[in-house]
Amino acid sequence: MTWRSVVITKPARLSFKNRALVVEQEGEKASVPLEDIAVLVLDTPQVVLTSQLLSACVEAGIVTITVNAMHTPNGVLMPYLSHSRAMKVMRLQMALSVPAQKRIWQSIVQQKLRNQAAVLEFRDSQMLARQVLNLVAQVRSGDPDNFESQGAVIYFPALFYAGFTRRYDCFYNAALNYCYSIVRSAIARSLVSYGFLPAFGLHHRNELNAFNLADDLIEPYRPLVDAWIVKNYPLQPERELTPQDKATLVSILHVDAPRLRGDEVEGSSTVLALIDATVISLSQRLQDANVNLVMPGLPRHE
């Protein structure tokens, strides 16, 4: 079972030997078995690595993420048609009717709102939690009234502080953007692993976005990220993210969360395992309209 996140923030040489990642850094060398690694983040331009290592990471199912000049994740190494029935999944995905896509989007928005309400309850904002929860029953197929956006208007200022919006250039938004990018990368990789075309979304349809489907499936996961950030950074002055912050944020993938299928709770899993379960359930939904998507709930301790 994978349980480690490796974040490279200093100049290093990376290679593959004896089924392990070998990190040479500042005159020292360390090895980490690939079977232990879930995520590898290359957060510095001064990394030299071998193609043999990249290939081994793909074979081992490791989410390998690159960053841009602002240290924000901008790429993910994905397997090439690794699913044995990729063509079948792609055909089913492309054949999914618009009404069916809208019904799936409706369930995604409803679970996102439930999770946002749960986060507010944990923050002792009971009245606002009820306001968000009241929106759930009003979400229609395709969410034409955009209750997802209405929930965000209530949710974010209550979560952080009055007047907070996602447009501000501040610590919390930098942390949210970084953590969302990590989860999005893991979703994108899982989608490709299970034969999906991630550019073709259910609700998101931006022609310039190669990961529209990942941007659909991430929605119920966003409140988990939000809760993780306010738990680890309850009061925070304005500052840049440090390498330690990023290691903390990446570890969201190893947090346990309830595994929901419709109204049923199917135990709990790490966020990384839940992402795979969500993607697998979407694959099942393509073949059977009665299958509910597996989606995350909120851990009670959050």
Do you see a donor-acceptor pair shorter than 3.5 Å between the side chains of [X] and [Y]?
{"X": "Gln111", "Y": "Arg114", "result": "yes"}
{"X": "Asp245", "Y": "Thr248", "result": "no"}
{"X": "Arg166", "Y": "Asn177", "result": "yes"}
{"X": "His203", "Y": "Asp216", "result": "no"}

Query raised in the report: Would you call the rings of Phe164 and Phe160 parallel, tilted or perpendicular, where under 30° means parallel and over 60° means perpendicular?
Result: tilted
Query raised in the report: What is the ring orientation for Phe171 with Tyr233, classed by angle as parallel under 30°, tilted 30 to 60°, or perpendicular over 60°?
Result: perpendicular
Counting only N and O atoms by type, is there a donor-acceptor contact under 3.5 Å from the side chain of [X] to the main-chain atoms of [Y]?
{"X": "Gln106", "Y": "Val139", "answer": "yes"}
{"X": "Asn173", "Y": "Asp169", "answer": "no"}
{"X": "Thr270", "Y": "His254", "answer": "no"}

Distance-only donor-acceptor pairs under 3.5 Å for side chains of residues 53-63, two or more places apart:
none

Query - Check: Tyr221 ring centroid to Tyr180 ring centroid under 6.0 Å - result: no
Report task. Just grab all the salt bridge (charged side-chain N to carboxylate O under 4.0 Å, His left out) pairs involving residues 174-192, residues at least two apart or on different chains. Result -> Arg184-Asp215
**Report entry** Closest non-hydrogen atom pair between Leu42 and Leu14, with its separation
**Finding:** CD2-CD1, 3.7 Å
Requested in this report: For the pair Arg261 and Glu264, find out whether any cationic side-chain nitrogen is under 4.0 Å from an anionic carboxylate oxygen.
Outcome: no
Query - From CA spacing to verdict: side-chain contact (heavy atoms from CB on, under 4.5 Å), Arg259, Ser268 - result: CA-CA 5 Å; Arg259 177 180 171 136; Ser268 64; 5.6 Å; no
Report task. Would you check if Ile275 and Val183 make a side-chain contact, meaning some heavy-atom pair closer than 4.5 Å? Result -> yes
Report summary line: Applied to residues 10-30, the side-chain hydrogen bond (donor to acceptor under 3.5 Å, both in side chains) test, sequence neighbours excluded, yields none
